[in-house]
Amino acid sequence: MRKERKKHTDFLLKLGLNIRYYRTLQGFTQKELAARSRISPGHVAKLENPNYVIAPSVNVLFRIAAALRIPMSRLMNVDFKLDDEKGIE
């Protein structure tokens with residue numbers, strides 16, 4: 001169970017880094033992305049902060065991706081294997 005939790009945490013950290021990367025690529029501040037995504041600036045800050053591990057809803061991810069004008073799959077692209085032992089990728 002601990003290994004799965006670490007993978008989940010790693011995925012969420014990479015997701016937050018992707019949000020930050022694409023936000024800065026667009027030249028948006030956290031406040032601007034929050035307004036465009038209709039979420040609070042604090043929520044954006046927590047998603048991007050590697051010291052917080054929060055799982056955003058699919059709805060929030062869709063709104064962030066739309067605000068950044070990218071497919072949601074690009075935010076989720078983290079080169080992540082769910083279960084190495086069973087060969088599921």
Side-chain angles (χ1 to χ4, degrees):
M1 193 62 119
R2 186 172 276 189
K3 188 174 181 180
E4 287 179 23
R5 184 174 295 135
K6 180 177 178 358
K7 288 181 179 184
H8 183 252
T9 300
D10 289 349
F11 173 81
L12 292 172
L13 291 174
K14 290 174 185 176
L15 176 65
L17 292 175
N18 282 351
I19 292 170
R20 179 185 297 164
Y21 172 78
Y22 288 110
R23 175 183 60 77
T24 57
L25 194 65
Q26 292 286 345
F28 297 156
T29 64
Q30 288 181 341
K31 190 174 182 178
E32 289 169 326
L33 178 60
R36 290 171 182 263
S37 304
R38 298 182 326 275
I39 61 176
S40 73
H43 195 69
V44 172
K46 286 180 181 177
L47 287 170
E48 293 183 356
N49 187 336
N51 295 317
Y52 284 91
V53 179
I54 60 171
S57 70
V58 172
N59 188 35
V60 166
L61 288 177
F62 272 117
R63 292 194 323 232
I64 290 172
L68 294 172
R69 298 182 293 262
I70 61 171
M72 190 170 83
S73 61
R74 197 170 296 165
L75 286 180
M76 307 284 288
N77 186 14
V78 295
D79 287 335
F80 180 75
K81 293 184 180 179
L82 293 175
D83 193 342
D84 295 340
E85 287 85 35
K86 295 181 183 175
I88 300 171
E89 296 183 12

Open item on the list: I need the minimum non-hydrogen distance between A67 and L33, along with the two atoms involved.
Closed with: CB-CD1, 3.8 Å

TODO: Treating Ile, Leu, Val, Met, Phe, Trp and Tyr as nodes and any side-chain heavy-atom pair under 4.5 angstrom as an edge, say whether Y52 and L13 lie in one connected cluster.
DONE: no

Euclidean distance, [Y] [atom2] relative to [X] [atom1], rounded to 0.5 Å:
X	Y	atom1	atom2	value
L17	N49	CG	CG	10.0 Å
H43	I54	NE2	CD1	4.5 Å
I39	Q30	CD1	CD	10.0 Å
I64	L75	CD1	CG	7.0 Å
F28	L68	CZ	CG	6.5 Å
K14	N18	NZ	CG	9.5 Å

Open item on the list: Side chains of V58 and M72, heavy atoms from C-beta outward: is any pair under 4.5 Å?
Closed with: yes

TODO: Would you confirm whether S37, through its side chain, and A34, through its main-chain N or O, come within 3.5 Å as a donor-acceptor pair?
DONE: no

- [ ] Kindly write out the residues that satisfy salt bridge (Lys or Arg N to Asp or Glu O under 4.0 Å) with R20, not counting sequence neighbours, or none if the list is empty.
- [x] E48

- [ ] Any pair with a residue in residues 29-39 that passes salt bridge (charged side-chain N to carboxylate O under 4.0 Å, His left out), sequence neighbours left out, goes on the list, sorted by first then second residue, please.
- [x] none

TODO: Keeping to residues at least two apart or across chains, list the salt bridge (charged side-chain N to carboxylate O under 4.0 Å, His left out) pairs with something in residues 51-70.
DONE: none

